[in-house]
Amino acid sequence: MTKEQKTALVTPELPRGLIDRQAADIAATEAMMAKIRAVYELYGFEAVETPFIEYTEALGKFLPDQDRPNEGVFSFKDDDERWLSLRYDLTAPLARYVAENYERLPKPYRSYRAGWVFRNEKPGPGRYRQFMQFDADTVGASSPAADAEICMMAADCLEALGIKRGDYVIKVNNRKVLDGVLEAIGLGGEENAGRRLVVLRAIDKLDRLGVAGVRALLGPGRKDDSGDFTKGAGLSSDQATQVLNRIAFGVRSDVGGRGGTMVIGNATSQGDLPLGHDLGIQGISELAEIERLVRVSGYGDDRIRIDPSVVRGLEYYTGPVFEAELTFETPGEDGKPIRFGSVGGGGRYDGLVARFRGEKVPATGFSIGVSRLLAALRAIKSPIVGAALKAGPVVVVALDRKDHMADYQRLVSELRNAGIAAELYLGEGGMNAQLKYADRRGSLCAVIQGSNERDAPSGRQVVIRDLVLGAELAKASKDRADYLELRQRAQQTVPEAELVARVRDVLDRHRG
RNA sequence: GCCGCCAUAGCUCAGCUGGUUAGAGCGCUAGAUUGUGGAUCUAGAGGUCCCCCGUUCGAUCCGGGGUGGCGGUACCA
């Protein structure tokens, strides 16, 4: 190849943060999603699907400037100069859908949907620019019963996927509680919105940074190990203590055992909630109601637990927030333990639909991070994703391609008509290459017919080769003669009429 | 965005204090085998040593810049 030709070639490369999915990944994902779907439908949610693309303004406050689309969102202009964007979650499109079809939908409207979402941000370990979410939402129900149901359903999903009780927890908190605390320490009002956000972010890091780290972030700021400085919220020591008392105690008792209780009414040494702030009280009573409902349904605090430190980054949450967390650790390839952490989250967003309709429409929902959950299921060797690998088709070897392709085609058709996945080898390779091909396809069985079988005195024969048995026997071979002999034992020559029956024998032998 | 580490065959990695033909294992292709994948042996193919600029008689190696990957951190609707 000349240099000119080479430089003219297009480099086959994927943009960063994107990945290809192969047969095993797809099969595992689909097996997993089937389980989730079954749980959602058991709870009475119905499917709905919206497109990948929405008008940018429908997705939220992230309106692009005149020429520069908003960072983090893939955006482009339509023919008519309107901005379009790829969705970055499934909640905003649902809000648009509900608002647009409001009169037609039964209320409360309970729906689920799965799909790809896109974020144009720096990819990291397990973070991609295209990933899949699986959401369920109840729109039009303000009762904490709707929130409680979402939490129970999340727990059911994880268990349906083979995650053992105790290996996960659904944590529940309420934005109103946090807002109440912030109000109490003088951070209420529009002018403090920015600082409130900083405080919430700090609280969100409690599990990773610990109390001391969060205290630093609530105060002047924190310098991390890499030397990067994060500006803090600038609270006084007293204010920081109040915030930490509110949130940290529950977490500490979680670590020690069952706990995380919140107390309604009087301030206690545990909660230290300042009285007289209606928002916080309301939040706590909602949490208490959620807790009561899930407990009577048999969900103990080993599955669903109030945790005052759960924040969730999304600003549109207005009440209860949920986080599904995997609590187990598993050794990674380098031996270091891996924690998967959050595999899903959600909450109440009473204001999202209101953006379109003016009136408030209460809504609550939950979103499962499909890819991350899949990685976790693989780590614990869940049969749901492991068994999803399908065996390859029966491969009919094509030996005398000049004169007998029709014979082979007939054999393949016979198998297919019997409902057996089968294919005729269509390449140029010899017999060696063809069996190798069958091996790489993960086939359980190969069918061979050459002149010996075709012209057998007793009538047409076929060789049925058991590829799995052959592989097992080969492991036991001591020398070449032995190897050749064992090889013969993995196959049988049968009349052509028995093709389907004998192939089925082999397949049945090796299928679970 | 910020800090750090890394980049040599399809994969995992050696190597060269700067010097003719850059290696291994695995994988791949083929032969040993009228017509048999996976064992074993043999052979073969496969590389702009990430890119650009500089230093040098000479750079895969040294310096600068870039790109990409990894780890941490920040952001994450």
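In the text below, chain A, chain B and the rest are named by the order of the sequence lines, each starting its count at 1.
Distance, Q133(A) CD to A77(B) P: 11 Å, rounded to whole Å. With rounding to whole Å, L200(A) atom CG is found 15 Å from C75(B) atom C1'. Protein atom CZ of R454(A) is 13 Å distant from nucleotide atom P of G35(B), rounded to whole Å. At whole-Å resolution of the value, CG in L94(A) and C1' in A77(B) are 16 Å apart. Note: CZ (R355(A)) to P (A77(B)) measures 15 Å, nearest angstrom. Atom P of nucleotide U29(B) and atom CG of L435(A) are separated by 13 Å, given to the nearest angstrom. Between Y408(A) atom OH and G35(B) atom C1' there is a gap of 10 Å when expressed in whole angstrom units. Y483(A) has its OH atom 12 Å from the C1' atom of C41(B), to the nearest Å.
In this structure, R127(A) reaches the bases: a heavy-atom distance under 4.0 Å links it to at least one base atom across the strands shown. Within the nucleic acid shown, N452(A) comes within 4.0 Å of at least one base atom, counting heavy atoms only. Nucleic acid contact for L484(A): none, since no nucleic acid atom lies under 4.0 Å from a heavy atom of the residue. Contacts of Q449(A) with the nucleic acid, taken as non-hydrogen atoms under 4.0 Å apart, are absent. Heavy atoms of S451(A) sit under 4.0 angstrom from at least one base atom.
Inspection of the D78(A) and Y55(A) side chains reveals no N or O donor paired with an N or O acceptor under 3.5 Å.
Of all heavy-atom pairs spanning L399(A) and I448(A), the tightest one is CD1-CG2, 4.0 Å. The two residues R357(A) and A99(A) come nearest to each other via the heavy atoms NH1-O, 3.7 Å. Contact record, P393(A) with S443(A): O-OG, 2.6 Å, taken as the closest heavy-atom pair.
With both ends at atom P, the span from C61(B) to U56(B) equals 16 Å, rounded to whole Å. Spacing between U29(B) and A74(B) at atom P, rounded to whole Å, works out to 48 Å. Separating the P atom of U42(B) from that of C13(B) is a span of 27 Å, rounded to the nearest Å. Between G66(B) and A30(B), the two C1' atoms lie 43 Å apart (nearest whole Å). Taking the P atoms as reference points, A39(B) lies 50 Å from G58(B), given to the whole Å. A24(B) and G31(B) have their C1' atoms separated by 23 Å, given to the nearest Å. One C1' atom belongs to C53(B), the other to A59(B), and the distance between them is 13 Å to the nearest Å. Taking atom C1' on both nucleotides, U48(B) is separated from A9(B) by 13 Å, rounded to a whole Å.
Under 4.0 angstrom from either OP1 or OP2 of U73(B) there lies no side-chain N or O belonging to K231(A). Distances shown here put a side-chain N or O of R208(A) below 4.0 Å from the OP1 or OP2 atom of A74(B).
Using a 30° and 60° split on the angle between ring planes, Y437(A) and Y425(A) fall in the perpendicular class, above 60°. The aromatic rings of Y97(A) and Y109(A) sit tilted, their planes meeting at an angle between 30° and 60°.
Counting distance only, with no hydrogens placed and no angle test, the side-chain atoms of R487(A) and the base atoms of U36(B) include no donor-acceptor pair under 3.5 Å. Below the 3.5 angstrom threshold, one finds no donor paired with an acceptor across the side chain of Q491(A) and the base of G35(B). Not a single donor-acceptor contact under 3.5 angstrom links the side-chain atoms of Q434(A) to the base of U36(B).
Here the side chain of K205(A) is nearest to one of A39(B), A77(B), C75(B), namely C75(B). Taking only side-chain atoms of K436(A), from C-beta outward, the nucleotide of A39(B), U36(B), U29(B) with the closest atom is U29(B). Nearest nucleotide to the side chain of R201(A), out of C76(B), G35(B), U73(B): C76(B). In this structure, the nucleotide among G35(B), A74(B), A30(B) sitting nearest to the side chain of I448(A) is G35(B). For V73(A), whose side chain is taken as the heavy atoms from C-beta onward, the closest listed nucleotide among G35(B), U73(B), A77(B) is A77(B). Comparing atom distances between the R440(A) side chain and each of C28(B), G35(B), A77(B) picks out C28(B) as nearest. With G68(B), G35(B), A30(B) as the choices, the nucleotide that has an atom nearest any side-chain atom of R16(A) turns out to be G68(B).
Across all strands shown, U60(B) remains unpaired; no Watson-Crick or G-U wobble contact has both distances below 3.5 Å. A 3.5 Å limit on both hydrogen-bonding distances identifies U73(B) as the Watson-Crick or G-U partner of G1(B). Across every strand in view, A32(B) sits in a pair with U40(B) that passes the Watson-Crick or G-U test at under 3.5 angstrom.
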Please output the side-chain donor-acceptor pairs of residues 366-373 of chain A that fall under 3.5 Å, not counting sequence neighbours, one pair per line with the distance.
residue	atom	partner	partner atom	Å
S367(A)	OG	D135(A)	OD1	2.7
R372(A)	NH1	S342(A)	O	2.8

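Stacking here means ring centres nearer than 5.5 Å and ring planes tilted less than 30 degrees, and by that measure Y316(A) does not stack onto A77(B).
The nearest heavy atom of RNA chain B to G430(A) and to E453(A) marks one nucleotide each, and the one closer to the 5' end goes with G430(A). When each of R312(A) and A433(A) is assigned the nucleotide of RNA chain B with its nearest heavy atom, A433(A) is the one assigned upstream, toward the 5' end.
For the pair R110(A) and F45(A), the distance from NZ or CZ to the six-membered ring centre is under 6.0 Å and the angle to the ring normal is within 45 degrees.
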